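What you see below is based on every heavy atom in this structure, not just the backbone, and it leaves out hydrogens, waters and symmetry mates. Here the structure is a predicted model, which is why all the values come from computation and not from measurement. In the text below, chain A, chain B and the rest are named by the order of the sequence lines, each starting its count at 1.
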Protein chains: 2
Amino acid sequence: MLSKKTKYGLKALTYIARSESDMPVQVGLIAKSEQIPQKFLEGILLTLRKSGILGSKKGKHGGYYLRSLPSEIKMTDVMRVLEGPIAMVPCVSLNYYEKCDDCPDENLCSVHKLMIQVRDNTLSVFRNTTLADLSNTSK
Amino acid sequence: MLSKKTKYGLKALTYIARSESDMPVQVGLIAKSEQIPQKFLEGILLTLRKSGILGSKKGKHGGYYLRSLPSEIKMTDVMRVLEGPIAMVPCVSLNYYEKCDDCPDENLCSVHKLMIQVRDNTLSVFRNTTLADLSNTSK
DNA sequence: TGTATTTCCTACTAAATTGATAGGATTAAT
DNA sequence: ATTAATCCTATCAATTTAGTAGGAAATACA
């Protein structure tokens with residue numbers, strides 16, 4: 001299941017990408033418009049900022065903004081920040097690989113083989129999708 | 001993340017598919033060979049039986065057996081029984097559809113669009129994979 | 001300089017899920 | 001009868017999820 005965190009995060013990013021103004025977008029606005037608990041969203045945007053996807057400005061007239069063009073923001077990156085590893089098992093994860101304690105030889109493991117395929121397919125979706133696709137912006 | 005339940009279930013099914021004998025396969029044997037807590041595995045095989053994928057025989061010399069040929073057992077069915085819905089969000093689930101309370105129009109929802117793609121790709125893997133592929137059996 | 005407004009940070013919490021374990025009932029072969 | 005297997009229910013500890021609470025820090029602007 002997709003976590004609320006990821007869902008909210010994606011919606012927020014889309015909202016920001018669609019914003020015409022060159023002023024930073026405030027959490028309160030997004031929360032209200034997208035029906036997301038504000039305090040929860042604060043935390044999510046914070047991790048997106050720490051990961052480098054968003055930038056922020058504090059104080060009055062502060063808010064969040066994208067640090068790249070929507071078309072440059074790949075879903076692989078966004079999903080890894082919000083949802084964690086894309087692979088369903090650590091033993092097929094590219095970025096967070098971990099051997100299974102059980103499995104003596106993962107080349108012979110039936111689960112491994114299947115999950116590699118799932119990973120590759122999911123990855124191809126995320127690699128070929130940017131925030132511009134999500135938000136229907138051409139930028 | 002793939003649950004242990006699913007992982008163990010897939011391994012057990014593979015084990016049973018590979019078994020040459022026409023006697024039913026006992027839980028204890030699988031548990032030992034695949035390093036799975038026996039009592040936990042009992043429950044898993046039980047749900048696989050209730051779903052119709054496995055058959056069982058009670059009492060001495062009892063155990064579990066496949067109710068179809070491995071090549072007839074599709075991963076879509078197995079995964080739905082073990083892991084639940086294949087979609088990452090209920091609003092793109094074919095078998096367990098549910099509307100999101102927030103989303104006023106899901107055709108305009110950016111998350112929806114993305115998750116449809118992920119679902120379709122994952123589904124195509126599971127539709128084109130059978131237990132025979134997992135277990136390298138030709139049957 | 002002060003006040004309002006915003007992000008930032010830490011800590012806490014209730015509920016759900018996961019990964020088991022325990023104990024025994026039921027069924028079948030010998 | 002005895003033994004060996006599945007079947008069934010209940011319980012539990014640890015983790016994760018989805019928030020909430022309260023305030024510190026920074027910034028704009030009067």
Side-chain angles (χ1 to χ4, degrees), chain A residues 1-12 16 19 21 23-32 34-67 82-85 88-90 100-102 111, chain B residues 1-12 16 19 21 23-32 34-67 82-85 88-90 100-102 111:
Chain A
M1 271 283 290
L2 197 75
S3 67
K4 294 273 184 185
K5 182 181 173 186
T6 302
K7 189 182 173 189
Y8 294 161
L10 289 172
K11 287 195 164 195
I16 296 171
S19 146
S21 148
M23 296 274 289
V25 182
Q26 287 157 19
V27 176
L29 247 164
I30 307 175
K32 203 173 153 199
E34 301 292 330
Q35 320 231 47
I36 303 170
Q38 173 157 351
K39 275 289 190 178
F40 191 23
L41 184 56
E42 274 184 25
I44 296 169
L45 296 190
L46 217 48
T47 73
L48 282 166
R49 195 219 61 192
K50 284 179 182 165
S51 80
I53 293 172
L54 289 179
S56 70
K57 199 185 158 200
K58 280 181 162 185
K60 209 168 190 175
H61 302 162
Y64 289 93
Y65 51 89
L66 301 177
R67 297 201 50 190
L82 292 173
E83 190 75 3
M88 292 184 81
V89 269
C100 302
D101 341 347
D102 34 333
V111 178
Chain B
M1 271 284 287
L2 197 74
S3 66
K4 294 273 184 185
K5 183 180 172 187
T6 302
K7 189 182 174 191
Y8 293 162
L10 288 172
K11 287 198 165 192
I16 297 172
S19 144
S21 147
M23 295 275 290
V25 182
Q26 287 157 21
V27 176
L29 248 164
I30 308 175
K32 204 173 153 198
E34 302 291 331
Q35 319 231 51
I36 303 169
Q38 174 156 352
K39 275 289 191 177
F40 192 23
L41 184 54
E42 274 184 26
I44 297 169
L45 296 190
L46 217 48
T47 73
L48 283 167
R49 196 219 60 191
K50 283 178 183 167
S51 81
I53 292 172
L54 289 178
S56 70
K57 200 186 156 196
K58 279 182 160 187
K60 209 169 194 175
H61 301 160
Y64 288 93
Y65 53 88
L66 301 176
R67 296 199 51 188
L82 291 173
E83 191 75 3
M88 293 184 82
V89 269
C100 300
D101 342 346
D102 34 333
V111 177

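- Side-chain nitrogen and oxygen atoms of A/Lys7 include none within less than 4.0 Å of the OP1 or OP2 phosphate oxygen of D/dA18.
- Distances shorter than 4.0 Å separate some side-chain N or O of B/Arg49 from OP1 or OP2 on D/dC7.
- Between A/Ser56 and C/dC8 there is a side-chain N or O to OP1 or OP2 distance below 4.0 Å.
- For C/dA20, one of the phosphate oxygens OP1 or OP2 lies less than 4.0 angstrom from a side-chain nitrogen or oxygen of B/Tyr8.
- Within 4.0 Å (heavy atoms only), A/Gly63 reaches sugar-phosphate atoms of the nucleic acid but no base atom.
- Spacing between atom CD1 of A/Ile44 and atom P of C/dC9 amounts to 16 Å, rounded to whole angstrom units.
- Rounded to the nearest 0.5 angstrom, B/Leu2 CG and B/Leu82 CG are separated by 9.0 Å.
- Annotation: of the two residues near DNA chain D, A/Lys4 and B/Lys50, the 5′-most nearest-nucleotide partner is B/Lys50.
- Per the geometry, CG belonging to A/Leu45 stands 8 Å off P belonging to C/dT7, to the nearest Å.
- At whole-Å resolution of the value, CE in B/Met88 and P in D/dT17 are 12 Å apart.
- For B/Tyr64, the side-chain atoms get nearest to D/dC7 when compared with the rest of D/dA4, D/dC7, C/dC8.
- At a threshold of 4.5 Å between non-hydrogen side-chain atoms, the residues A/Lys11 and B/Asp102 count as touching.
- Comparing D/dT6, C/dA20, D/dG19 by their closest approach to the side chain of B/Lys58 singles out D/dT6.
- Side-chain contact between A/Met1 and B/Pro90: present, with at least one pair of heavy atoms (C-beta onward) separated by less than 4.5 Å.
- Residue B/Ile44 holds its CD1 atom at 10.5 Å from CD of B/Glu42, rounded to the nearest 0.5 Å.
- Straight-line distance from the CZ atom of B/Phe40 to the C1' atom of D/dA14: 14 Å, rounded to whole Å.
- If you take CG of B/Leu41 and P of D/dC8, they are 16 Å apart, rounded to a whole angstrom.
- We find that NZ of A/Lys57 is positioned 12 Å from P of C/dC8, with the value rounded to whole Å.
- Here A/His61 reaches the OP1 or OP2 of D/dC29: one of its side-chain N or O atoms lies under 4.0 Å away.
- To the nearest angstrom, C1' of C/dG19 lies 16 Å from NZ of B/Lys11.
- Looking at the side chain of A/Lys60, the nearest of the listed nucleotides C/dA29, D/dG19, D/dT27 is D/dT27.
- Interatomic distance, CG of A/Leu66 versus CG of A/Leu54, reported as 6.0 Å (0.5 Å rounding).
- Counting only heavy atoms from C-beta on, A/Glu42 has its side chain closest to C/dC8 among D/dC8, C/dC8, C/dA20.
- Comparing C/dA20, D/dG19, C/dT6 by their closest approach to the side chain of A/Gln26 singles out C/dT6.
- Candidate nucleotides C/dC9, D/dC7, C/dA20 were compared by shortest atom distance to the side chain of B/Leu46, and D/dC7 ranks first.
- Between B/Lys39 and D/dC7 there is no side-chain polar atom (N or O) within less than 4.0 angstrom of OP1 or OP2.
- Taking CD1 of B/Ile16 as the reference point, atom CD of B/Gln26 lies at 11.5 Å (rounded to 0.5 Å).
- If you take CD1 of B/Ile30 and P of D/dA5, they are 12 Å apart, rounded to a whole angstrom.
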